[in-house]
Amino acid sequence: MRVMRVFVQVDANAGKTPVIILPQSLAKRMAIPTNVPLRVSFGSRQAAAAVAIGSGSATLIRLNPPLAQALCLPGPRLARILYFRDEHRLDLGPILGVLVSRAHANEPARPFGHFTPFFLELIASGARHGMLVYAFTAEDVAADRSTICGWIYRHNAFHRARLPLPHAVYNRLSSRLSEGTAASQQLLLQLRNAGVAIFNERFLDKWMVHRQLSTVPELASSLPDTRLYQARPR
């Protein structure tokens with residue numbers, strides 16, 4: 001597996017069937033054969049594409065519109081690409097989806113209320129590392145669970161876009177009530193079954209956190225004396 005950071009953009013003049021245009025130096029450095037179709041992936045989406053060698057920047061990859069549409073690429077972006085030689089597959093950078101309870105489409109400047117600055121920090125941090133970060137609700141997931149109509153941040157504003165399932169989901173459901181619904185539990189299960197890693201899977205109380213940390217030898221000695229409060233009967 002070989003890793004590089006590059007800029008990915010769409011080239012409108014590159015044919016009507018899926019084509020990916022790679023710099024010669026990049027193809028050579030990553031040992032990508034250019035005489036056979038290449039599997040290109042972006043999150044859960046994959047497509048076979050012809051490989052063309054282009055001139056210009058050694059860190060610029062171009063996709064034609066048919067390939068960009070097949071992958072649900074939301075626009076130009078910095079990507080941390082990985083080439084899996086055994087699969088002859090090029091992945092266009094990690095994707096993190098943030099699952100939220102609700103989004104307010106009528107408030108585009110703050111669609112997530114007081115959580116909006118937190119999401120902006122996540123998005124900015126992801127972009128610096130070549131990772132796409134988007135937010136979504138359970139209702140944003142397509143019925144066939146193949147794509148998500150999520151929220152991305154471009155040109156200083158939030159926009160809706162059709163996106164692939166991410167590599168990982170950060171659960172930011174705002175309450176135990178919303179997390180405990182049958183719809184939320186079913187969605188999390190289906191995402192796991194689709195190979196999506198789930199972080200922050202459930203709400204944790206302080207006692208549960210203490211018990212978990214107590215099992216780690218490197219941390220146990222630093223934990224304060226903690227006991228479960230038992231209310232006295234009246």
Side-chain angles (χ1 to χ4, degrees), residues 1-11 14-98 125-134 136 141-142 144-148 150 152 161-170 187-199 201:
M1 182 175 66
R2 297 172 183 267
V3 183
M4 270 189 74
R5 290 180 66 185
V6 302
F7 194 77
V8 179
Q9 70 179 31
V10 179
D11 186 338
K16 297 182 178 180
T17 57
V19 175
I20 184 168
I21 304 171
L22 304 177
Q24 178 71 56
S25 58
L26 183 148
K28 183 176 181 180
R29 178 177 173 183
M30 302 193 81
I32 300 175
T34 58
N35 58 344
V36 292
L38 175 67
R39 297 294 302 176
V40 185
S41 59
F42 185 55
S44 63
R45 307 288 289 185
Q46 290 194 28
V51 179
I53 297 299
S55 57
S57 171
T59 57
L60 174 64
I61 289 178
R62 289 174 286 159
L63 315 182
N64 70 342
L67 180 56
Q69 291 166 12
L71 298 176
C72 297
L73 187 78
R77 56 184 298 271
L78 180 69
R80 182 176 175 271
I81 62 171
L82 293 86
Y83 176 58
F84 299 87
R85 185 174 182 180
D86 293 345
E87 303 175 40
H88 189 44
R89 176 170 65 89
L90 184 68
D91 188 81
L92 300 181
I95 304 176
L96 174 67
V98 183
S125 178
R128 288 193 297 271
H129 293 87
M131 176 173 65
L132 173 67
V133 178
Y134 68 80
F136 70 102
V141 183
D144 63 1
R145 302 299 198 238
S146 64
T147 58
I148 293 175
I152 61 172
R162 181 170 172 259
L163 301 159
L165 298 186
H167 295 96
V169 163
Y170 179 20
L187 173 61
L188 291 171
L189 176 62
Q190 290 173 333
L191 289 171
R192 279 193 293 268
N193 290 342
V196 178
I198 310 292
F199 295 96
E201 284 198 57

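Quick caveat, the model's predicted, so the values are computed rather than measured.
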Answer whether the closest heavy-atom distance between the side chains of [X] and [Y] falls below 4.5 Å.
X     : Y      : answer
Cys72 : Thr147 : yes
Val40 : Gln46  : no
Leu71 : Pro164 : no
Val98 : Val133 : yes
Leu73 : Leu67  : no
Leu63 : Asp11  : no
Leu90 : Ile32  : yes
Arg77 : Leu132 : yes

Arg62 and Gln9 side chains, donor-acceptor separation under 3.5 Å: no
What's the shortest heavy-atom distance between [X] and [Y], and which atoms?
X      : Y     : answer
Tyr83  : Pro33 : OH-CD, 3.4 Å
Pro76  : Phe7  : CB-CZ, 3.6 Å
Ser146 : Ser44 : O-OG, 3.7 Å
Arg89  : Ser41 : NH1-OG, 2.8 Å
Phe42  : Asp91 : N-OD1, 4.2 Å

Trace of the side-chain contact (heavy atoms from CB on, under 4.5 Å) decision for Ile148 with Tyr134: CA-CA 10 Å; Ile148 293 175; Tyr134 68 80; 3.4 Å; yes
Backbone of Pro94 reached by a side-chain donor or acceptor of His167 within 3.5 Å: no
Polar side-chain atom of Asn64 near backbone of Thr17 as donor-acceptor pair, under 3.5 Å: yes
Any chance [atom1] of [X] has more than 12 other-residue heavy atoms, nucleotides or ligands included, within less than 6.0 Å?
X      : atom1 : answer
Asp144 : CG    : yes
Arg29  : CZ    : no
His129 : NE2   : no
Arg80  : CZ    : no

Derivation and outcome, side-chain contact (heavy atoms from CB on, under 4.5 Å), residues Val8 and Val6: CA-CA 6 Å; Val8 179; Val6 302; 4.1 Å; yes
With Ala168 via side-chain contact (heavy atoms from CB on, under 4.5 Å) - residues at least two apart: Leu96, Ala197, Phe199
When rounded to the nearest 0.5 angstrom, what distance separates [atom1] in [X] from [atom2] in [Y]?
X     : Y      : atom1 : atom2 : answer
Leu38 : Leu22  : CG    : CG    : 7.0 Å
Arg5  : Arg128 : CZ    : CZ    : 10.0 Å
Ile95 : Arg45  : CD1   : CZ    : 11.0 Å

Listing, residues 49-60 side-chain donor-acceptor contacts under 3.5 Å, not counting sequence neighbours, or none:
unit_1, atom_1, unit_2, atom_2, d
Ser57, OG, Thr59, N, 3.1
Ser57, OG, Thr59, OG1, 3.2

Audit row: Met4, Met30, side-chain contact (heavy atoms from CB on, under 4.5 Å) steps and yes/no: CA-CA 8 Å; Met4 270 189 74; Met30 302 193 81; 3.9 Å; yes
